[in-house]
Undergrad: 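Provided herewith is a single structure, encoded as structure tokens, for subsequent inquiry.
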Amino acid sequence: MKALLQIQVVEEVSRLLNTREAATELMNAVRESKCKHIEFDFSNVEFMSRSFADQFYKEKIIFMKNDNDIIIDITNANEEVVNMLRTVANTQNKVKRDYLTLPVFKFSDSEMLSNYLMTV
């Protein structure tokens, strides 16, 4: 058994990481391995969408929850990729989200709506 599994993201997916499905596909390649140390090499990745980053983060958390001994490293990621992963991680870590109760207004005709909008 190899001690380290290195995955070239460009070879597994593409230079452009756009979809949630691509993130799931990338993590499925890891699930088949018995390695405890996984390294995702983001060399030559030009773009990562927020949806890819969000799904990648969720898949990574699920994977690590199932096996506490797993170490996952991100290497050679450009600044934009790092920022996107960091942004998504910061939004995912909230245990309890605060929601505001917003008032709902209903208008029976467009003139009432227009009058309301002009006063706000």
Side-chain angles (χ1 to χ4, degrees):
M1 175 170 61
K2 286 172 53 177
L4 172 67
L5 173 64
Q6 293 178 312
I7 296 181
Q8 301 293 324
V9 176
V10 169
E11 292 174 12
E12 291 290 326
V13 183
S14 165
R15 290 180 184 272
L16 306 174
L17 307 176
N18 293 319
T19 64
R20 291 181 179 277
E21 291 79 13
T24 300
E25 180 182 314
L26 182 62
M27 289 306 289
N28 283 342
V30 170
R31 283 188 184 93
E32 298 168 4
S33 171
K34 302 283 186 208
C35 291
K36 297 291 185 182
H37 190 178
I38 297 139
E39 182 179 282
F40 288 101
D41 187 342
F42 281 84
S43 294
N44 301 317
V45 169
E46 296 174 5
F47 172 78
M48 177 187 287
S49 71
R50 184 170 183 118
S51 55
F52 178 95
D54 182 65
Q55 190 66 31
F56 179 76
Y57 183 84
K58 288 176 182 176
E59 297 275 344
K60 186 175 107 176
I61 294 302
I62 291 168
F63 186 69
M64 292 176 76
K65 223 181 245 188
N66 292 336
D67 190 343
N68 294 344
D69 297 334
I70 295 287
I71 298 169
I72 297 178
D73 292 329
I74 307 294
T75 62
N76 302 318
N78 66 32
E79 187 177 349
E80 289 82 18
V81 168
V82 170
N83 286 339
M84 182 59 71
L85 290 170
R86 189 174 292 141
T87 298
V88 166
N90 287 338
T91 62
Q92 296 292 323
N93 288 337
K94 293 192 176 193
V95 174
K96 181 180 175 195
R97 297 189 186 273
D98 295 326
Y99 293 100
L100 298 175
T101 304
L102 299 175
V104 176
F105 299 102
K106 295 182 181 182
F107 301 97
S108 56
D109 61 42
S110 60
E111 185 178 338
M112 289 177 71
L113 173 61
S114 179
N115 288 340
Y116 171 76
L117 292 174
M118 294 300 200
T119 61
V120 178

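Model, not experiment: these values are computed from the prediction.
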Undergrad: Quiz question: by atom type and distance under 3.5 Å, do the side chains of T75 and D73 form a donor-acceptor pair?
TA: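 Their side chains do not contain a donor-acceptor pair, so the 3.5 Å distance test is not met.
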Undergrad: Evaluate Q6 against D41 for side chain to side chain contact (heavy atoms under 4.5 Å, CB included), listing each step before the verdict.
TA: CA-CA 7 Å; Q6 293 178 312; D41 187 342; over 6 Å; no
Undergrad: Do the non-hydrogen side-chain atoms of F56 and V9 ever get within less than 4.5 Å of each other?
TA: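 They are not in side-chain contact.
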Undergrad: Give the minimum heavy-atom separation between K58 and R20, together with the two atoms involved.
TA: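 So the two residues come closest at NZ-NH1, 4.3 Å.
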Undergrad: Are I62 and V30 connected, step by step, through hydrophobic side chains (Ile, Leu, Val, Met, Phe, Trp, Tyr) whose heavy atoms are closer than 4.5 Å?
TA: no
Undergrad: Out of curiosity, does M84 fall in the hydrophobic cluster containing F47 (side-chain heavy atoms, cut-off under 4.5 Å, transitive links)?
TA: no
Undergrad: Could you tell me if the side chain of V82 sits less than 4.5 Å from the side chain of L85, heavy atoms only?
TA: no
Undergrad: Just so I know, are the side chains of F52 and L26 near enough to count as touching, which here means a heavy-atom distance under 4.5 Å?
TA: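 The answer is yes, as the side chains (C-beta and beyond) meet within the 4.5 Å cut-off.
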Undergrad: Look only at the side chain of T91 and the backbone of V88, and say whether a donor-acceptor pair between them is shorter than 3.5 Å.
TA: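 Yes, the answer is positive, given that a donor and an acceptor are paired below the 3.5 Å cut-off.
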Undergrad: CG/N28 to CD/E12 distance, rounded to the nearest 0.5 angstrom?
TA: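 Going from the CG atom of N28 to the CD atom of E12 covers 10.5 Å.
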Undergrad: Applying side chain to side chain contact (heavy atoms under 4.5 Å, CB included), run through R15 and V45 and close with a yes or a no.
TA: CA-CA 4 Å; R15 290 180 184 272; V45 169; 5.9 Å; no
Undergrad: Can you say whether the rings of F42 and F40 are parallel (under 30°), tilted (30 to 60°) or perpendicular (over 60°)?
TA: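 Correct class here is tilted.
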Undergrad: Counting only N and O atoms by type, is there a donor-acceptor contact under 3.5 Å from the side chain of S51 to the main-chain atoms of N18?
TA: yes
Undergrad: Could you go through F63 and R31, starting from their C-alpha distance and side-chain angles, then the distance that decides it, and tell me whether this counts as side chain to side chain contact (heavy atoms under 4.5 Å, CB included)?
TA: CA-CA 8 Å; F63 186 69; R31 283 188 184 93; 3.8 Å; yes
Undergrad: Is there a donor-acceptor contact under 3.5 Å linking the side chains of E59 and T24?
TA: yes
Undergrad: Take E46 and L16 through the test side chain to side chain contact (heavy atoms under 4.5 Å, CB included) and record every step on the way to the result.
TA: CA-CA 6 Å; E46 296 174 5; L16 306 174; 4.1 Å; yes
Undergrad: Give, for atom CD of Q8 and atom CG of N44, the distance between the pair rounded to the nearest 0.5 Å.
TA: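 Between Q8 CD and N44 CG, I get 8.5 Å after rounding to 0.5 Å.
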